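All values below were derived from every heavy atom in this structure, side-chain atoms included, with hydrogens, water molecules and symmetry-related copies excluded. All of these numbers come straight from a predicted model, not from anything done at the bench.
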Amino acid sequence: MRYLTELILLSAAAFLALLGAAYAKDNLFQAHAWILFFVLLGSCVLLARRVEFGLPGKNASKPDPSSYFDEVIRYGVIATMFWGIVGFLVGVVIAAQLAWPELNIEPWFNFGRMRPLHTSAVIFAFGGNALLCTSFHVVQRTCRARLFGGNLAWFVFWGYQLFIVLAATGYLLGVTQSREYAEPEWYVDLWLTIVWVAYLVVFVGTLVKRKEPHIYVANWFFLSFIITVAMLHLVNNAAVPVSFLGVKSYSAFSGVQDALTQWWYGHNAVGFFLTAGFLGMMYYYVPKQANRPVYSYRLSIIHFWALIFLYIWAGPHHLHYTALPDWAQTLGMVFSVMLWMPSWGGMINGLMTLSGAWDKLRTDPVLRMMVISLAFYGMSTFEGPVMSIKSVNSLSHYTDWTIGHVHSGALGWNGMITFGALYYLVPKLWNRENLYSLRLVNWHLWLATLGIVIYAAVMWVAGVTQGLMWREYDDQGFLVNSFVESVVAIHPEYVMRVFGGLLYLSGALLMAYNLWRTIRGDVRNEVPLGGAQATAKPAPAQ
């Protein structure tokens, strides 16, 4: 029998959610419990249709243990694309709300609730699913072993989708513990912990059972991302719930210790979730797409250990000119500046991997997208250390300069390398000879690049304008500009930000269409890129 045990556990969970709704201590917990019940009930119905019973003397169909477990990766690719479009769409909406405040719809769709929905959808839903599916793909190929744990990989995937649904609906309901990048309340955090431990078991178990003696460096980055994010999550979200049937909890930390814990987590969520994990992606898919070995394996090891050691200390640079002791602020600044070196070492390693294959950029927009992602990785990891310097930070912090910096990294580095990886994966996973249309990939490339450039540039202008207006004094020592005047001054930049976001979203929609047609097996009849007269048929997917 297949999936019968899973169906029983899922049904029991749905019943517990129903009890939670019945005995909830507050309306918000009750609303969340009802959402959970209906999600689990729908999942039970869908899973019941897949239960298989073996006939007497025969076993129900079992997967081939010698084959790769690719079905969960296919679902991960689709989830990544879906959540990406959702996250980008919500980003455009909240950008429009800042430009035109009348678009705030109270209470569920105002900026205060939509903003964490956007950040979590892009970081944890889009980025998280990208990391899940690519890490499962990379660890199998580089270890020459099927994923460890059987259906445990399915639990990781669907459990993570449940976390996303609970977090997203909680934001709209107003359920939040008000911690940057860690807004879900205690019970959602506990569920994510269970899922993340299962993820670690699957990944490490696959490494242990590998048939390849060497552990490829991409797996080092993926493993460090999984372990460090677990540590960050457990410490930062340590809290005491008021009731086990209520949403409210109180943090284990307070005052400046709470602030330091928050930004130790917040900056390292960027460092390990959005950097180390995606570097694992880069170290596998850039060489594969370029059909070249990594430029320097030794440099990749130096890159790994330097990044891992330095990043964990950089969080205090978010707390310059606060109650945090000055030595801790300086420590964060110094380690942030030192981070520039290993970061650029990784960028150079990725770019130099194209040595002998630069001509492919004329005809391969997927490779071009990966190169642009590395360029944005280099730019944002240079800008970040500069912004951590106290004298620069006094101008940039709390302004839209920071927003421009974050989005140049997230959209340029994380988004573009993910798009490149998905363009590589889809033909392989669905056994297609090539993508539906390389020209649509090219359109996506330029729409996304222009969107990022417009977005980041106008936010830099807006941020410097804000910083200068906020600290302009008259000859008597009084502030010259009110906060409202600074908002009015940057309204044109806010409108341009919406336009940049729309361009980026349009590119993602083109990508979704392109991948859908590729999965269907369609191939568009089009003139090859780069002036080539004919394109050779690629080898069948493996």
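Without hydrogens or angle criteria, Trp401 side chain to Leu395 main chain gives no donor-acceptor distance under 3.5 Å. At distances below 3.5 Å, not a single donor-acceptor pair connects side-chain atoms of Ser343 with backbone N or O atoms of Trp340. With Thr206 contributing its side chain and Leu147 its backbone, the two residues share no donor-acceptor pair below 3.5 Å. Looking only at distances, a side-chain donor or acceptor of Thr381 sits under 3.5 Å from a matching main-chain atom of Gly378. The closest donor-acceptor contact from the side chain of Arg113 to the backbone of Leu173 lies under 3.5 Å. No side-chain donor-acceptor contact under 3.5 Å links Asp70 to the backbone of Leu429.
To the nearest 0.5 Å, atom NZ of residue Lys390 and atom CD of residue Gln329 are 4.5 Å apart. Between the OG1 atom in Thr275 and the CG atom in Leu279 there is a gap of 6.5 Å [rounded to 0.5 Å]. The CG atom of Leu162 lies 9.5 Å from the CD1 atom of Ile164; values are rounded to the nearest 0.5 Å. Separation of atoms CG (Leu223) and CG (Leu200) is listed at 7.0 Å; rounding is to 0.5 Å.
In this structure, a donor-acceptor pair under 3.5 Å is absent between the side chains of His320 and Ser394. Under the 3.5 Å distance criterion, with hydrogens and angles disregarded, no donor-acceptor pair is assigned to the side chains of Tyr283 and Ser300. Side chains of His32 and Tyr187: a donor on one and an acceptor on the other come within 3.5 Å. Side-chain atoms of Gln161 and Asn129 include a donor-acceptor pair closer than 3.5 Å. Inspection of the Asn393 and Tyr321 side chains reveals no N or O donor paired with an N or O acceptor under 3.5 Å. In this model, no donor atom of one side chain and acceptor atom of the other lie less than 3.5 Å apart for Trp158 and Glu6. Inspection of the Thr228 and Asn268 side chains reveals no N or O donor paired with an N or O acceptor under 3.5 Å.
Nearest heavy atoms, Gly246 versus Asp26: CA-OD2, 3.2 Å. Taking each heavy atom of Met333 and Ile389 in turn, the nearest pair found is SD-CA, 3.7 Å. Between Ser249 and Gln177 the shortest heavy-atom distance is OG-OE1, 4.3 Å. Between Gly315 and His267 the shortest heavy-atom distance is CA-CB, 3.7 Å. Contact detail for Val72 and Ala153: the closest heavy-atom pair is CG2-O, 3.8 Å. Closest non-hydrogen pair, Tyr285 versus Ala421, comes out as CD1-CB, 3.9 Å.
Not counting sequence neighbours, Trp83 has no partner by the ring pair (Phe, Tyr, Trp, His ring centres under 6.0 Å) test. In terms of the side chain to side chain contact (heavy atoms under 4.5 Å, CB included) criterion, residue partners of Phe253 (sequence neighbours excluded) are, by chain and number, Val235, Ala238, Ser251, Asp258, Thr261. Applying the side chain to side chain contact (heavy atoms under 4.5 Å, CB included) test to Leu502 and every residue at least two apart in sequence or in another chain returns Val92, Val498.
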Item to check | Intermediate values then yes/no, side chain to side chain donor-acceptor pair (under 3.5 Å), Ser120 and Tyr171 | outcome: CA-CA 10 Å; Ser120 290; Tyr171 300 149; 2.7 Å; yes
Item to check | Steps toward side chain to side chain contact (heavy atoms under 4.5 Å, CB included) verdict (Met282, Tyr377) | outcome: CA-CA 11 Å; Met282 182 275 286; Tyr377 173 60; over 6 Å; no
Checklist entry - Between Leu172 and Met114, does a side chain to side chain contact (heavy atoms under 4.5 Å, CB included) hold up when you go through it step by step? => result CA-CA 7 Å; Leu172 297 180; Met114 294 280 279; 4.0 Å; yes
Checklist entry - So Arg497 and Ile403, side chain to side chain contact (heavy atoms under 4.5 Å, CB included) or not? Walk me through it. => result CA-CA 11 Å; Arg497 170 167 62 178; Ile403 309 302; 3.8 Å; yes
Next on the checklist: One pair to check against side chain to side chain contact (heavy atoms under 4.5 Å, CB included): Ile85 and Phe126. What are the steps and the verdict?
Outcome noted: CA-CA 8 Å; Ile85 290 172; Phe126 171 64; over 6 Å; no
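A ring-centre distance under 6.0 Å is not found for His137 and Tyr68. The aromatic ring centres of Phe136 and Tyr199 sit less than 6.0 Å apart. Aromatic rings from Tyr265 and Tyr181 are positioned such that their centres are separated by 6.0 Å or more. In this structure, His233 has its ring center no closer than 6.0 Å to that of Phe273.
For the ring pair (Phe, Tyr, Trp, His ring centres under 6.0 Å) test with Trp196, the passing option among Phe203, Trp191, Phe225, Phe155 is Phe225; the others fail. With Tyr75 as the partner, the ring pair (Phe, Tyr, Trp, His ring centres under 6.0 Å) test is satisfied by one option alone out of Phe82, Trp154, Phe69: Trp154.
Within 6.0 Å of the CH2 atom in Trp108, the count of heavy atoms belonging to other residues, nucleotides or ligands does not exceed 12. Other residues, nucleotides and ligands contribute over 12 non-hydrogen atoms within 6.0 Å of the NZ atom of Lys209. Within 6.0 Å of CZ in Phe157 there are more than 12 heavy atoms belonging to other residues, nucleotides or ligands. Atom OH of Tyr398 sits in a crowded spot, with more than 12 heavy atoms from other residues, nucleotides or ligands closer than 6.0 Å.
Under 4.0 Å is where a charged nitrogen must lie from a carboxylate oxygen, and between Glu180 and Arg115 at least one such pair does.
Side chains of Met370 and Ile417 form a contact here, defined as non-hydrogen atoms less than 4.5 Å apart.
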